Protein chains: 2
Amino acid sequence: MTPAARPSLIEIAPHTTRPSALPDHVYAVLKHRILSCAMKPDERLVEKKLCDELRVSRTPLREALNRLSHEELVAFQPHAGYRVAPITLDGFRNLIELRAIVEAQAAALAAERATPEDIAELRAFATLPYDPDDERGFVDYCRANARFHLRVVRTTHNSMLENIVMSALDLYQRPTYLRIGRQLDPKNPSAKHRAITEAIAKHDASAAHEVMLQHVRGGGERILAALKAANYH
Amino acid sequence: MTPAARPSLIEIAPHTTRPSALPDHVYAVLKHRILSCAMKPDERLVEKKLCDELRVSRTPLREALNRLSHEELVAFQPHAGYRVAPITLDGFRNLIELRAIVEAQAAALAAERATPEDIAELRAFATLPYDPDDERGFVDYCRANARFHLRVVRTTHNSMLENIVMSALDLYQRPTYLRIGRQLDPKNPSAKHRAITEAIAKHDASAAHEVMLQHVRGGGERILAALKAANYH
DNA sequence: AAAATTTAGCTTGTATACAAGTATACAATC
DNA sequence: GATTGTATACTTGTATACAAGCTAAATTTT
């Protein structure tokens, strides 16, 4: 059966140059649910149920699940099914380390390569809307934050770095959305973003590297501490 | 039909925690063919033909092709099929840049974290068999080289870094196997490997970083020059 | 009562039929 | 002769039937 009325809103771009309508749609929907913790870590993902709900057959659904499992957003065991990937301290530490390495170096390369257009766009993206009391505002804030960080790597013109940072930011979203440590955010990161941007604008690679490094590590440490406090392992 | 007699040799490990026999097998076989250039860049991959040859139905085959396309080893266009991914100068430049960033930093972290066992294994892996005149010896050499580089990242105990370097080394193999620039290798890289190992043994992070950086860039530049000479774009 | 074992149900794994879209070859037209 | 339109063959996209394997509950045994 060709799906008649399916949820039509693609909320998250598929990160791929492989636009195959149905699997991409399912991928986007599931990914959004996982990242936003609408589907909780360790929750089971049963193919049949998701098929019925999304009005799709198992083939495109499985394609989406496979993709998610390779991105480590869902865990898989043969013949035992899929689960939403758990959030672990070690996993998050590794993630911070990865982001620190790649994004700091990307900022340095960006400083070497940025054109005036790059700099203008970075400036436009640097200042984030931030209203910790507003639920909706918090989501917007997260999106804007990711947009800035992606814009920095994009300035390197290295699509491989870009893809790695995209995946990393995705994985990073989950602990953030959990609201864990939300209120611990001491100040709006816009200041750091502006500092990074100005270092890039001055083509000061080592400054860009240093500020980005501290920024990523700082944010990571805060969330890590909150995860520990919330008793994650 | 359950496949009765299929080629049984898995030549390349699947890089994943997702051991599902048939798709993994197909993935491994195709990947080996692509990396070894038995299947040439831009060659078309028609599902039916591969199914008949590998004695597998389309479902597991497509799962393997999807994985390969996300790893950028095969290119895909909706309704138009799969092709072996082309080798491009820009792609290779990006790859070198990625390896340089991640592996250099990984070497530094390895220097901070290496245990005596790590160091012993690194020493064992550092010296490579190298006989540029022997076809078989060349393949062994490539494998041993990858093994050393992987052992360095593994010392960081960061599985994300490990996965990235694994993929990167895979992509790197293809230009190497093309034999392009093979004879340009000025000397056996064992010396560099030993230098990296000794820096790690001394827990000298910045030396490890520096030597690895030069090593990766140097090797990359040589192959890049050869690709240019061979008129790749 | 606790442990082990069997069995029934459920979930995933694979194969295949059918639908939809694409490309190529051939013909008609400019 | 080049170009465009069209039909046909081929390839991929999706759905579904059936096989294989796991989980967990119920029954038996100690």
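Residue numbers begin at 1 in each chain, while the letters A, B, ... track the order of the sequences. As the structure is a prediction and not an experimental result, all values here were calculated from the model.
- Side-chain atoms of A:H233 and A:D90 include no donor-acceptor pair closer than 3.5 Å.
- In this structure, B:E43 CD and B:R33 CZ are separated by 9.5 Å, a value rounded to the nearest 0.5 Å.
- Within 6.0 Å of the CZ atom in A:R154, the count of heavy atoms belonging to other residues, nucleotides or ligands does not exceed 12.
- Going from atom CG of A:D52 over to atom C1' of D:dT16 covers 13 Å, rounded to whole Å.
- Counting to the nearest Å, the C1' atom of D:dT12 and the CG atom of B:N66 are 12 Å from each other.
- Between A:P41 and A:V84 the shortest heavy-atom distance is CA-CG1, 3.7 Å.
- The side chain of B:R62 lies closest to D:dG13, out of D:dG13, D:dA17, C:dA15.
- Between A:R58 and A:K48 there is no side-chain heavy-atom pair separated by less than 4.5 Å.
- Rounded to an integer number of Å, the gap from CG of B:L22 to P of C:dT16 is 12 Å.
- Classified by interplanar angle (parallel below 30°, tilted 30° to 60°, perpendicular above 60°), the ring pair B:F76/B:Y82 is tilted.
- Going from atom CG of B:L65 over to atom P of D:dG13 covers 10 Å, rounded to whole Å.
- Comparing the local axis fitted to the first five base pairs of the helix from C:dA1-D:dT30 to C:dC30-D:dG1 with the one fitted to its last five gives a bend of 10°, rounded to 10°.
- Across D:dT23, C:dA17, C:dT14, the shortest atom-to-atom separation from the side chain of B:R58 is found for C:dA17.
- Checking C:dA15, D:dT14, C:dT12 against the side-chain heavy atoms of A:P60 singles out D:dT14 as nearest.
- Across the protein-nucleic acid pair, B:E63 atom CD and D:dT12 atom P stand 17 Å apart, rounded to whole Å.
- Counting non-hydrogen atoms under 4.0 angstrom, B:L61 reaches nothing in the nucleic acid.
- For B:V46, the side-chain atoms get nearest to D:dT11 when compared with the rest of D:dT11, C:dT12, D:dT23.
- In this structure the side chain of B:L35 reaches within 4.5 angstrom of the side chain of B:L73, judged on heavy atoms.
- Rounded to whole Å, atom P of C:dG21 lies 17 Å from atom CD of B:E47.
- C:dT12 atom P lies 9 Å from atom CG of A:L50, rounded to whole Å.
- Taking only side-chain atoms of B:H79, from C-beta outward, the nucleotide of D:dC22, C:dG21, D:dA15 with the closest atom is C:dG21.
- Here C:dG13 presents its C1' atom at 13 Å from CG of B:D24, a figure rounded to the nearest Å.
- Comparing B:T59 and B:K49 by the nucleotide of DNA chain D that holds the closest heavy atom to each, the one mapping nearer the 5' end is B:K49.
- Between B:S57 and the phosphate of C:dA15, there is a side-chain N or O to OP1/OP2 separation shorter than 4.0 Å.
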